[in-house]
Number of protein chains: 2
Amino acid sequence: MPRVGIREVAALADVSMGTVSHFLNHPTRVSAEKAKRIQEAIEKLGFVRNNAGRQLRLGRSSTVAYIVPDVSNPFFATIAEGVERRAAQAGLSVFLANSGGDRAREDSYLALFEEQGVRGMLVASHDPIEDRLAAARTRGTPSVLVGRRANSAAQPSISIDDVSGGYLAARHLIEIGCRRIAFVGGPLGIQQIADRLQGASNAVRESGTAMLEIIDIEHRIISVGHKVGAELSGRPAEHRPDGIFAVNDLLGIGLVQTLVGNGVRVPEDIAVVGYDDIEYAENSLVPLTSVRPPHEDFGIAAVDLLLTVIGDAPLPAETQLVFAPDLVVRRSTTRG
Amino acid sequence: MPRVGIREVAALADVSMGTVSHFLNHPTRVSAEKAKRIQEAIEKLGFVRNNAGRQLRLGRSSTVAYIVPDVSNPFFATIAEGVERRAAQAGLSVFLANSGGDRAREDSYLALFEEQGVRGMLVASHDPIEDRLAAARTRGTPSVLVGRRANSAAQPSISIDDVSGGYLAARHLIEIGCRRIAFVGGPLGIQQIADRLQGASNAVRESGTAMLEIIDIEHRIISVGHKVGAELSGRPAEHRPDGIFAVNDLLGIGLVQTLVGNGVRVPEDIAVVGYDDIEYAENSLVPLTSVRPPHEDFGIAAVDLLLTVIGDAPLPAETQLVFAPDLVVRRSTTRG
DNA sequence: ATGAAAGCGCTAACAT
DNA sequence: ATGTTAGCGCTTTCAT
């Protein structure tokens, strides 16, 4: 099979290469008759425009990259929806990459996308990564740090205000009458987690009457929620918290399952608040009250920020965007 | 900022462009001294190799695409892990794309990746897509259909034997004593769903004593499980099934939650089997017995198949690979 | 409206 | 071991 390029199309349609190119890029400038001949030739030959040649000539691509630690995490996946939609509107395609939380893979994708000549990168990462993004930026590929506020003023970022999220969760528990509040989460070395605790702590202090117990855990998954739930149900009622702030929904779901299974009533005995508002939160045994970060809007805003950084949109005063989360109240905190 | 290419590096290192290229592609052929000068120049200038030029010259890229309807679906996400690892071993990078189950987006990604000149594509889709893959193939981009057996012999595919999965599920229910079995799933227009029903039906017929009720539903999500669970708990006990085969785990989880919430015991009154063995199945209220398709292995096998199709690996006799699922037995079907 | 031609950055074949 | 050079496929002036 001989490779078919613009040249073969031109030959078959009996026009020049330039006309074929015009047809491809500025269809209006080509006469109807030749357009038809060219179109037929393209279909007959199965011509596919070679992006390498195009990009080389144009000097730039029309793609952006979105790198995440875990595509299957509903938080990142939902953002991806917004990212793709907005990028498409701007005429850009999105290359998704899954780093698996592995630095080496993260690095290799960063390098790959730089070589690909993407217009910009959206990067979510648990690692310290600003240095590498700064380096990429000096080499010509700008980026937006997603999910975490950047330390450097030069690094655009878009993030959730986790302090305010933690505050919302704890204040809600206090408002429905909880006085012994447990924070279930960790590791505190992760900024987002520490921020949520900080916010919760602020709310508790502000109340003047409530107390905060911190249950530090390693992994934020359902089975750990089970474990902690078992421990709590085993305590005499007067030593149990009456409200739990689980630092994510998976923990919250696990906690509720085990508490209820052991005869502890949710929310009557213990009210529970989760974080992230994943789909399962709404559909769990006892629908879970949860702190909801913006989702699709967040992806849209991320792309918009990247576009301004790239220079395709006017520069805003501020390139460190912080979004405020909401609280979605469900049965797990609805008493009476 | 002047764009820096191989030419600028060569000038600064005081060598020829060819030597820089050699350094990049065949480092051993360059003397230590010049290698050092080149390396320094690269770092000093922040040189990034332009892939468009490279690819244009080489006539091919070293990437493959993996297109899925929903990246956040744990089934595809887990496969992606295997795909990426195996591709990396073969020196290939993976571009992930999320079609959102939307045909237009699917098409635009197919076209994009063809233009990008990927070596091949792994495509999972709920739509009829073989025609388009065939067209892409004739134009030079081969593909492997993932998750569904291809109709055309010319289209390589890798899939799960859903008939056998459905059979496993139903036979297990029968073996633990169920006689009135309900199949909860739909739409039957989806091949995978129809196959699972087929398998279940085979097992029931084979038993000679069991009966099968089909509850046809539209969406395979938790909330639909709730709805069906409510309906079933409302029936007089003698008209309820004593075993349920839920066509996926989300349905199964929803069913179990509502049944148990309404005082129907699982598995004593009704045993429940799910499908897919997602993470939540193991950690649900009553750990859910589930049909488990191969996961990471599946991704590895998919890449291997694509490599053979591309021609980087020896051609096997068969390009329609079918994997057999397992059954993972948990509490939801463990009586006594 | 159409055609001719230059050149984007890179690699490898060939020459030294 | 290193340099020289042709040309990959395309887009876009610039003519006509």
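Order of the sequence lines fixes the chain letters, A, B, ..., with proteins taken first and strands second; residue numbering starts at 1 for each chain.
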Pull out every residue in residues 23-30 of chain B that has a heavy atom closer than 4.0 Å to any atom of DNA chain C, ordered by number, or say none.
->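 Going residue by residue through residues 23-30 of chain B, the ones with a heavy atom under 4.0 Å of DNA chain C turn out to be B/N25, B/H26.
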
Show your working on side chain to side chain donor-acceptor pair (under 3.5 Å) between B/Q116 and B/S61 and close with a plain yes or no.
-> CA-CA 8 Å; B/Q116 286 288 335; B/S61 75; over 6 Å; no

Report the residues that fulfil side chain to side chain contact (heavy atoms under 4.5 Å, CB included) with [X], sequence neighbours left out, ordered by chain and then residue number.
X: A/A88; result: none
X: B/P69; result: B/F76, B/S99, B/A124, B/H126
X: A/D161; result: A/V163, A/S164, A/V322, A/P325

Going by the rule salt bridge (Lys or Arg N to Asp or Glu O under 4.0 Å), which residues pair with [X] if we only count those two or more places apart in sequence or in a different chain?
X: A/R149; value: none
X: A/E115; value: B/R49
X: B/E33; value: B/R37
X: A/R85; value: A/E296

Axis bend over the full length of the helix from C/dA1-D/dT16 to C/dT16-D/dA1, computed from five pairs that close each end, to 10 degrees =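 Answer rounded to 10°: the end axes differ by 30°.
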
Please report, to 0.1 Å, the donor-acceptor pairs under 3.5 Å made by any side chain of residues 10-20 of chain A, with sequence neighbours excluded.
{"from": "A/S16", "atom 1": "OG", "to": "A/G18", "atom 2": "N", "distance (Å)": "3.4"}
{"from": "A/S16", "atom 1": "OG", "to": "A/T19", "atom 2": "N", "distance (Å)": "3.3"}
{"from": "A/S16", "atom 1": "OG", "to": "A/T19", "atom 2": "OG1", "distance (Å)": "3.2"}

How many Å lie between [atom1] on [X] and [atom2] on [N], as a whole number?
X: A/K36; N: C/dT2; atom1: NZ; atom2: P; answer: 14 Å
X: B/R37; N: D/dT2; atom1: CZ; atom2: C1'; answer: 11 Å
X: A/K34; N: C/dT2; atom1: NZ; atom2: P; answer: 5 Å
X: A/I6; N: D/dT12; atom1: CD1; atom2: P; answer: 11 Å
X: A/H22; N: D/dC10; atom1: NE2; atom2: P; answer: 15 Å

Of all residues at least two apart in sequence or in a different chain, which pass the ring pair (Phe, Tyr, Trp, His ring centres under 6.0 Å) check with B/F298?
-> B/F323

Base, sugar-phosphate, or nothing for A/G59, non-hydrogen atoms under 4.0 angstrom?
->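 It contacts nothing in the nucleic acid.
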
Indicate whether OP1 or OP2 belonging to D/dT2 is found under 4.0 Å from a side-chain N or O atom of B/S31.
-> yes

Is A/T19 near enough to C/dG3 that one of its side-chain N or O atoms lies under 4.0 angstrom from OP1 or OP2?
-> yes

Which atoms of nucleotides 6-8 of chain D (N or O only) lie under 3.5 Å from a protein N or O atom, and what are those distances?
{"from": "D/dG7", "atom 1": "N2", "to": "B/R57", "atom 2": "NH1", "distance (Å)": "3.2"}
{"from": "D/dC8", "atom 1": "O2", "to": "B/R57", "atom 2": "N", "distance (Å)": "3.4"}

Report yes or no: does B/D70 contribute a side-chain atom to a donor-acceptor pair with the main-chain N or O of B/G100 at less than 3.5 Å?
-> no

